[in-house]
Structure formats: structure tokens, C-alpha cells
Amino acid sequence: MIVAERKPLEQIEGMIEGMQKILVAGCGTCVAVCMAGGEKEVEILAAQLRMRAKLKGIQRTVDEITVTRQCDREYLDQLAKYVGQYDAVVSTACGAGVQFLAERYDDKIVLPALNTLFIGVAEGPGQWSQRCMACEDCILDQTGGICPMTICAKNLLNGPCGGTNHGKCEVGDDRDCAWTLIYRKLEKLGRLDYMRKIQPPKDYSVMTKPGRYSHEAYEEAEKKEDKE
Amino acid sequence: MSDQTAPEPKAEPFEPKVVAFCCTYCAYTAGDLAGSMRLEYAPNVRVVKILCSGKIDAVLLLRAFEDGADAVYVAGCNIGDCHFLEGNLRAIRTVAYTQHLLREIGLEPQRLEFFHIPASAGPLFAQRANEMTERARKLGPNPLRSRRTERAGGKLQRQPDPHPPLPEAKLGRLIRHEERMAESQTP
């Protein structure tokens with residue numbers, strides 16, 4: 001899941017300065033789960049913006065809508081009837097959702113209300129941690145399901161380095177050494193021989209931005225259609 | 001509604017509106033007890049009964065302030081006494097978070113508070129009600145309330161529907177603030 005946090009109200013307030021009609025558009029998928037931009041957070045942000053305006057004596061209308069996902073055109077179409085009535089749309093989606101919304105309604109001012117953090121998991125109530133950095137070449141089979149690319153400060157594929165310090169990283173005592181975790185896990189699985197394998201240098205060329213991907217099934221179908 | 005604003009008589013003293021979200025098992029029962037004990041407490045307090053203080057939500061608390069409450073408090077069981085084990089712990093967290101939201105807006109966070117009121121503490125219920133009313137009096141009127149007589153949002157149902165409709169998913173539906181307010185104002 002994509003994890004995000006809400007921007008400080010001051011910053012959002014600065015973006016919409018001078019605008020009268022605001023639509024707060026939420027996203028009901030990842031950011032709803034990490035309590036940053038779902039239905040409830042949209043209600044909170046809209047209420048805050050309204051109250052702030054009233055306290056300052058500014059005329060401002062703030063309405064709310066939450067769609068299932070902002071990263072699919074089908075759901076963005078649901079906003080078509082409404083966006084024309086507003087000066088700006090404040091999107092509480094991740095960076096991808098904000099961009100897609102801005103692309104779909106390219107004559108509208110679309111503003112981000114969140115800072116997108118990482119791809120992660122829920123550690124407990126209200127706590128998330130990064131687990132994947134989308135390196136496009138997964139090696140979790142070699143490392144007992146622990147990602148050295150994400151957890152190791154140096155992204156080492158053949159570790160540990162000399163900086164491992166009783167299971168912690170030399171960068172900081174609050175970080176675990178990924179390769180100690182991997183060693184312990186492989187030991188538990190009885191696959192310590194994997195530690196002796198040398199990983200070839202990582203092909204960083206596949207990580208070029210922006211990433212693009214099309215599903216094979218669709219590619220095949222398109223080719224067939226082209227032939228006919 | 002601002003067009004109806006009439007100059008209010010200055011002689012009338014400020015009477016705060018205080019909303020108390022009380023949990024059924026402790027605080028509300030304590031309120032009942034306070035009544036049975038014939039204890040007198042500030043009539044400014046409007047009690048809203050909730051099943052558990054853990055039910056309280058930042059959205060509800062913000063809305064109370066947006067609709068013009070001068071002070072709001074959530075009253076739940078003592079730590080360890082919650083009927084649902086940890087509802088009051090959640091409420092404490094929600095109240096602290098909402099105080100942060102109020103600070104962001106520029107409204108005094110002291111207008112919101114959490115109290116532990118056990119079911120046997122009728123006098124404590126009265127004391128807390130007076131305490132919060134006094135605090136609201138000191139802080140002055142909520143600047144979000146445009147008129148002293150403005151009705152707060154929310155329907156008062158004398159005979160609640162025994163089978164209320166299940167909450168519907170609101171995904172993809174536009175919620176206009178104006179319409180919601182108008183809906184809540186109709187008796």
C-alpha cells in the first residue's frame with residue numbers, strides 16, 4: 001500500500017489563498033487505509049478549511065467527495081459533473097492520484113493535500129513502515145523475504161558490510177541491519193547456503209523513470225488486432 | 001443565514017453551549033445518578049448519549065464546534081473499567097488528536113476535554129459539567145457561532161426510528177456543506 005501523510009493545514013491554506021469554492025476530493029484506497037486521505041480525512045480537512053475561513057472572516061465554500069480510486073480514469077469521471085463549479089480541487093490522494101486528476105481535468109487547478117511517503121505495510125494501529133522501493137527486479141527469494149534494497153542503508157545485495165553492529169546499522173541505532181535479519185531468517189529456514197551465493201551487480205538501468213508497463217495479455221491482443 | 005443577523009441586546013449575558021458526549025455505561029449513568037440525587041448543575045450542558053466513548057470521532061467533535069458549541073467534552077469510564085475494554089483509551093487518543101486539529105485551525109484546544117466519570121460518581125458528573133461551563137464562560141463565545149441564537153445542526157428525534165437505515169457507502173457522491181446543513185435544520 002502507498003503510505004502518505006497530510007500536509008500541515010498552513011501549507012494547504014496557502015495554496016488555496018484567494019479561492020472561494022473548493023472541492024476536497026478523497027481517494028478510497030491506499031490513503032484511506034493509512035488514515036491520510038479517505039472519506040473521514042476528507043470530512044476533517046473540509047471542516048477545518050471551513051472553520052479556518054470563518055475565523056478569518058473569509059467567504060469560502062468547501063464541499064467534499066471521495067471516489068474509490070484516483071488512479072483510474074473510470075472513477076475520476078465521477079467528478080466530471082462537479083469540478084466545473086469549483087475554483088480548485090484539493091486532492092487527498094497520493095502523488096499519482098493528484099497527477100492523474102490534474103491530467104483528466106487539465107483546465108482546473110488541482111492541489112495536493114498529502115505528502116506521499118513510501119510503499120509500506122501497517123506495523124500496528126497508526127504505524128507504517130517502508131517495505132519495498134519498486135526496484136523492478138525482486139530478489140526476495142534469495143534473502144528469505146527480507147528486502148536489502150529497502151532496509152539496508154547501502155542497498156547491499158551481498159552483505160553484511162563492516163558497519164553491522166550487533167544487529168543494528170552503523171547509520172543509526174534505530175535501524176536494523178538488513179543482513180543480520182536475512183542471516184537469522186535463512187538460518188531459521190535452513191537455507192544458510194544462500195549467504196554464500198554472490199549476487200551479480202544490480203541492473204539499475206531497469207529503474208529508469210518514469211516506469212511503464214503493459215500487461216502481456218493486452219499486448220498480444222493488440223498485436224493480433226493490428227495484423228487483422 | 002447571515003442575513004438574519006440582528007443586533008443582539010447587550011444586556012443579555014453570554015450563556016455558553018456545552019456539549020457532553022457521555023458513554024452509556026459510566027458517564028451517562030452518573031448523570032442519571034446526579035439527577036436522582038437532586039444535584040444541581042449548569043443547565044448549559046447538552047448531554048449526547050453514545051454507546052461507548054470509543055465511538056467518538058474527530059469528525060463529530062469538529063462538527064460540534066463548527067455548529068457553534070462553546071465547549072465540548074467526552075466523558076467515559078475510568079481506565080480499566082470500559083465495558084468494551086479499551087474504548088475510553090481510544091477516546092483519549094481521539095480527543096488529543098482533535099485538540100491538535102483545533103490548534104491548527106486557531107481555536108482554543110481547551111474548549112475540548114476528556115473526563116473519566118465512573119457510574120457511581122453523581123457529584124463528579126455535576127462538578128465536571130460546572131467546570132466545563134465555567135471554562136467556556138472564561139474563554140468566551142465560540143467565534144464560529146455567528147449568532148447567539150443560532151441553532152446547532154443535527155436533528156432532535158423525539159421518537160427515534162427503531163430500524164434506522166444502514167449507513168450507505170458515500171464513495172463517488174458529492175456532499176455539499178450547504179445541503180447537509182439545510183437537511184439538519186429541518187425539524
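Residue numbers begin at 1 in each chain, while the letters A, B, ... track the order of the sequences. Values below: every heavy atom of this structure, side chains too, minus hydrogens, waters and symmetry copies.
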Rounded at 0.5 Å granularity, tell me how far CD1 in Ile44(A) sits from CG in Asp57(B).
6.5 Å
Taking all non-hydrogen atoms of both residues into account, name the closest pair between Glu39(A) and Leu171(B) and its distance.
OE1-CD2, 4.1 Å
Find the distance between CD1 (Ile175(B)) and OG1 (Thr66(A)) and round it off to the nearest 0.5 Å.
6.5 Å
How far does CD1 of Ile105(B) sit from CD of Gln48(A), to the nearest 0.5 angstrom?
4.5 Å
Does any heavy atom of chain B fall under 4.5 Å from the side chain of Val42(A), the backbone, both, or neither of them?
neither
Considering residues at least two apart in sequence or located in another chain, which fulfil the side-chain hydrogen bond (donor to acceptor under 3.5 Å, both in side chains) criterion with His177(B)?
Arg50(A)
Looking only at heavy atoms, the pair that brings Pro8(A) and Glu104(B) closest together is CA-OE2, 4.1 Å
Could Glu43(A) and Arg63(B) be called an ion pair, given the rule that one side-chain N must be under 4.0 Å from one carboxylate O?
yes
Could you pull out all residues at least two apart from Asn130(B) that satisfy side-chain hydrogen bond (donor to acceptor under 3.5 Å, both in side chains)?
none
If one checks every heavy atom of Arg173(B) against chain A at 4.5 Å, the contacting part turns out to be backbone
Looking at NZ of Lys170(B) and CD1 of Ile65(A), how far apart are the two atoms once the value is rounded to the nearest 0.5 Å?
12.0 Å
Within this structure, what is the CE-CG distance for the pair Met51(A) and Asp67(B), rounded to the nearest 0.5 Å?
9.0 Å
